[in-house]
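Heads up: the structure comes next, in structure tokens.
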Amino acid sequence: MDFSIVTEHVESRDGTSIGYLRQGTGPGIVLVQGAMADVHAYRDLALALSSSFTVITAERRGRGISPRPYTADHTITRDIEDLDAVMTATGATKLFGLSSGAVIALEAARTLPNVEQLAVYEPPFYRDGIDRDGIRRLNVEIERGQAGAALIDALVIAGTAPALIARAPRLVARVLGRVILAIQSRQPGPASSLRDLLPGVRYDFHDVTERDGHIQDHASIDCAVLLLSGTASPTFLRTAIRDLAGIIPDSRHTEFDRLGHDGPWNSGGPAQISAALHAFFTL
């Protein structure tokens, strides 16, 4: 069995070069990443799926092998065009997305004709709306190079900050953010550092904000959808996935005991996620 990984690129509609990793053989699945990670966080998930599928791990624009500086005129349409280009180049018709990548994948399924099956893990929809003032503050921090503050604000605004960080005084949290960045930057391996990934988080927050308040639109999705979540994740994410289960006509929901928001990543439970995806995508 060939487990080799090939790096390829395709040009999106606006000229952005979108990179992706290709491995395995069989029907094509495109994996769409969430915030604060690049293609390497899907290493174990992609490997597990590659025995039965051609796995396309797409790099989101603004990070890793798809570098592009963020501009204020960004729209989620650009991310959909990126996915469309990757799917067209590879012939893949199945999608999996995590977090903000799940929001993009849902929108792709709603607007593109070539999505035949979709699985998503914990797309962030907020019943009370996302913190737009916080996002504006985060953008300023990124522009000023205040990486420690930006890291903490990104976690707090997203609603995924650990309790220790969420409850810490702001000045203490900023110092903690700088410490986290310094420690993480020394970790070996090919993955991008959190410091390098921070500027691209503006893409994620923009896309989530653009779709904020539009969860009912997903009633028009006409392909089969697998909705995944973990019992250790924040309550609002588990609420959102149940809301989607009541909105998308052809959907089913699976929740994993003790998995958190990083479930599909190497650090989470990729074996459990890959088993669920394998069963769904072979229906």
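FYI, the numbering just counts along the sequence from 1.
The pair Asp204-Arg63 counts as a salt bridge, with a side-chain nitrogen and a carboxylate oxygen less than 4.0 angstrom apart. A salt bridge is defined here as a Lys NZ or Arg NE, NH1 or NH2 lying under 4.0 Å from an Asp or Glu carboxylate O, and Arg110 with Asp222 fails to meet this definition. A salt bridge links Arg211 with Asp217; the closest basic N to acidic carboxylate O contact falls under 4.0 Å. Salt bridge annotation for Glu141-Arg174: present, with a cationic side-chain nitrogen under 4.0 angstrom from a carboxylate oxygen. In this structure, Asp14 pairs ionically with Arg61, as a charged nitrogen and a carboxylate oxygen lie closer than 4.0 Å.
Applying the salt bridge (Lys or Arg N to Asp or Glu O under 4.0 Å) rule to pairs touching residues 264-276 yields nothing, sequence neighbours excluded.
Every residue was checked against the salt bridge (charged side-chain N to carboxylate O under 4.0 Å, His left out) condition with Arg167, not counting sequence neighbours, and none meets it. Residues meeting the ring-ring contact (aromatic ring centres under 6.0 Å, His included) test with Tyr70, sequence neighbours left out: Tyr203. A search for side chain to side chain donor-acceptor pair (under 3.5 Å) contacts involving Arg178 returns nothing, not counting sequence neighbours. When the salt bridge (charged side-chain N to carboxylate O under 4.0 Å, His left out) test is applied to Asp212, the partners found at least two apart in sequence or on another chain are Arg132.
Summarising the geometry of Pro270 relative to Gly268, their closest heavy-atom pair is CD-C, 3.4 Å, with the distance given to 0.1 Å.
Other cluster members for Ile273: Ile29, Leu31, Tyr42, Leu45, Leu49, Phe53, Val55, Phe96, Leu98, Tyr121, Leu226, Leu228, Phe256, Leu259, Trp265, Leu277, Phe280, Phe281, Leu283, joined by side-chain heavy-atom distances under 4.5 Å among Ile, Leu, Val, Met, Phe, Trp and Tyr.
Taking the six-membered ring wherever Trp is involved, the centroid distance between the rings of His218 and Phe125 falls below 6.0 Å.
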